[in-house]
K.L.:
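Got a structure for you, written out below as structure tokens; questions coming shortly.
Here is how names work: the chains are called A, B, and so on, in the same order as the sequence lines, proteins then strands, and each is numbered from 1.
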Amino acid sequence: MAGSGTPCASCKLLRRRCTPECVFAPYFPAEDARRFATVHRVFGASNVSRMLQEVAPAHRADAVSSLVYEASARVRDPVYGCVAAISSLQQQVSQLQMQLALAHAEILICVQQPQQHGHPPAAAALQEQQQQHVLQNAHHLQDSMWT
Amino acid sequence: MVRGYIRPKIRPNPAKISRDLDDDMMQQQQHDDDGEYGGGGGRDDEDALHLGAGRCAACRYLRRRCTHDCVLAPFFPASRPHRYACVHRVFGASNVARLLESLPMAERSEAANTMAREAYWRVQDPVYGVTGIISRLQDEIRAVQLELARTQAQITIVAGSGSGVTQRAPPPQQPPPPPPLPTPQLARAGGHPTLAVRRQEQDEELTPTPPPPDPTDEFLNLDKI
């Protein structure tokens, strides 16, 4: 039970007496009723209570935070929820990895190009083959990202 | 219909989610198909004798008759009991049914799939659930961005110090700017710790503040809820 005996947000929403042992009270104060309402709407009070009790007390605050985040995402996007964010982040990772591969190819060219003037023709041809191979790998990676 | 439902600008395809994230789930589904989890031959006999053959995973789990208009049946077949078990454990049967009923028929399959994934990740990680994956992806993005910045700095140095005409590779095609990272509103003003990645928590470090969301992209702005 929070502070001066006022019920926590969960007990207020559920219209029940908030006891000192209330599992929700430390994480859903009465000042922010919307937070518990969101979680209750998506997961249900009984499920949240069970999930909190299955988690060590030291981690319950983080668990509540993540549940609120997931519930908020699901309320905002009932179809995809948090999965939309994951997909977006994965796209970013793929794009950045593609840029990194191209940057590596470019730096390899920049390093080896000035050295070709002082090398015999055979070595220059080998270096050019290596550069083309790196560029092909980079572009294949670029193409695969967009298919 | 959900009032105020906004179709996202980016339509993610859950099927293209990284295989690494779904390996465990695929293995579980394979186990379900092989009949290792739940169901069992005994229940099939019970279905045939008393409750009718062909109950969906939800009705089988709830031990009730599966009617022809069961809202969960199309998305939770009896061949995948573990999938529904996770959803039931995290969301609950009534919440799942209510959510699916509030959506157009065309969207229900996607919604069921995403709920199953979120439930699975929550079962795997009871503390962080899917937000742990988001944190790991954000970390990966930061690492790759750092590496990219270092490489581009090296290119600048090498190109500037190179002699003669250097035949530069064509500039990489600029991809569209990535959407802003989700900003988890996880901390409470009352002093509860902000959400940290589990390994960061072990190092007793807080997750760095992500970049501010793009105000033009309300899809990822969770502050409006």
Side-chain angles (χ1 to χ4, degrees), chain A residues 26-27 29 32 34 38 41-44 46-47 51 54-56 59-70 72-93 95-100 102-107 109-111 113-114 117 135 142, chain B residues 2 5 8 10 12-14 17-18 90-92 95 99 102-103 107 110-111 114-115 117-118 126-131 133-134 137-138 140-141 144-145 147-148 151-152 154-155 158-159 162-164 166-169 172 175 178-179 181-182 184-187 190 192-193 195-196 220 222 225:
Chain A
Y27 314 107
D32 192 352
R34 181 192 294 183
T38 301
R41 178 178 172 183
V42 175
F43 298 106
S46 58
N47 289 332
M51 284 190 279
E54 291 176 352
V55 172
H59 294 146
R60 287 181 183 174
D62 283 346
V64 167
S65 297
S66 67
L67 286 171
V68 171
Y69 182 83
E70 283 189 41
S72 300
R74 182 59 64 174
V75 168
R76 178 152 186 87
D77 186 352
V79 179
Y80 294 101
C82 279
V83 175
I86 291 178
S87 181
S88 170
L89 291 172
Q90 286 182 326
Q91 288 182 12
Q92 292 185 50
V93 170
Q95 292 173 358
L96 287 171
Q97 288 176 340
M98 176 191 66
Q99 293 180 37
L100 185 60
L102 293 176
H104 282 155
E106 188 172 348
I107 197 172
I109 293 174
C110 290
V111 169
Q113 275 287 352
H117 299 293
L135 270 179
Q142 181 179 8
Chain B
V2 174
Y5 171 57
I10 301 173
N13 183 355
I17 290 181
S18 172
V90 175
F91 292 98
N95 291 329
L99 179 68
S102 67
L103 294 173
E107 306 281 1
E110 293 286 348
T114 58
M115 292 180 73
R117 290 174 192 273
E118 286 191 18
V127 178
Y128 298 104
V130 69
T131 58
I133 298 176
I134 291 176
L137 287 172
Q138 290 176 333
E140 188 174 352
I141 287 174
V144 177
Q145 285 176 334
E147 180 66 22
L148 182 61
T151 304
Q152 290 174 340
Q154 289 178 354
I155 291 174
V158 170
S163 59
T166 57
Q167 197 171 16
R168 293 173 64 86
L181 300 175
Q185 296 298 326
L186 305 172
H192 293 299
L195 177 65
L220 286 174
L222 303 181
I225 295 176

K.L.:
Could you state the interatomic distance from CD1 (B/Ile141) to CD (A/Gln95), rounded to the nearest 0.5 Å?
P.N.:
9.5 Å
K.L.:
Working to the nearest 0.5 angstrom, can you tell me the gap between B/Leu148 CG and A/Gln97 CD?
P.N.:
11.0 Å
K.L.:
Can you tell which part of A/Arg60 gets under 4.5 Å to a heavy atom of chain B, answering side chain, backbone, both or neither?
P.N.:
neither
K.L.:
So, for B/Thr114 and A/Val79, which heavy atoms are closest and what is the spacing to 0.1 Å?
P.N.:
OG1-O, 2.5 Å
K.L.:
If you count heavy-atom pairs under 4.5 Å between each of A/Glu54, A/Arg74, A/Met51 and chain B, which one has the most?
P.N.:
A/Arg74
K.L.:
For B/Ala111 versus A/Pro78, what's the shortest heavy-atom pair and its separation?
P.N.:
CB-O, 3.9 Å
K.L.:
Which heavy atom in B/Tyr128 sits nearest to a heavy atom in A/Glu70, and how many Å separate them?
P.N.:
O-OE2, 3.9 Å
K.L.:
Between CG of A/Leu102 and OG1 of B/Thr151, what distance do you get to the nearest 0.5 Å?
P.N.:
11.5 Å
K.L.:
At a heavy-atom distance under 4.5 Å, which candidate from A/Ala103, A/Gly44, A/Ser46 has the highest pair count against chain B?
P.N.:
A/Ala103
K.L.:
Could you measure the distance from the CD1 atom of B/Ile155 to the CD atom of A/Glu106? Nearest 0.5 Å is fine.
P.N.:
4.0 Å
K.L.:
B/Val130 and A/Cys82: which non-hydrogen atoms are nearest, and at how many Å?
P.N.:
CG1-CB, 3.6 Å
K.L.:
Mind listing the closest non-hydrogen atom pair of B/Val144 and A/Leu96 along with its distance?
P.N.:
CG1-CB, 3.4 Å
K.L.:
Is A/Val42 close to chain B through its backbone or its side chain, or both, or neither, when contacts mean heavy atoms under 4.5 Å?
P.N.:
both
K.L.:
I'd like to know which of B/Gln145, B/Gln154, B/Met115, B/Glu118 tops the heavy-atom pair count under 4.5 Å against chain A.
P.N.:
B/Glu118
K.L.:
Using every non-hydrogen atom in the two residues, find where A/Tyr69 and B/Ile134 come nearest and quote the distance to one decimal.
P.N.:
CE2-CD1, 3.7 Å
K.L.:
Would you give the length of the straight line joining atom OH of A/Tyr80 to atom CD of B/Glu107, rounded to the nearest 0.5 angstrom?
P.N.:
6.0 Å
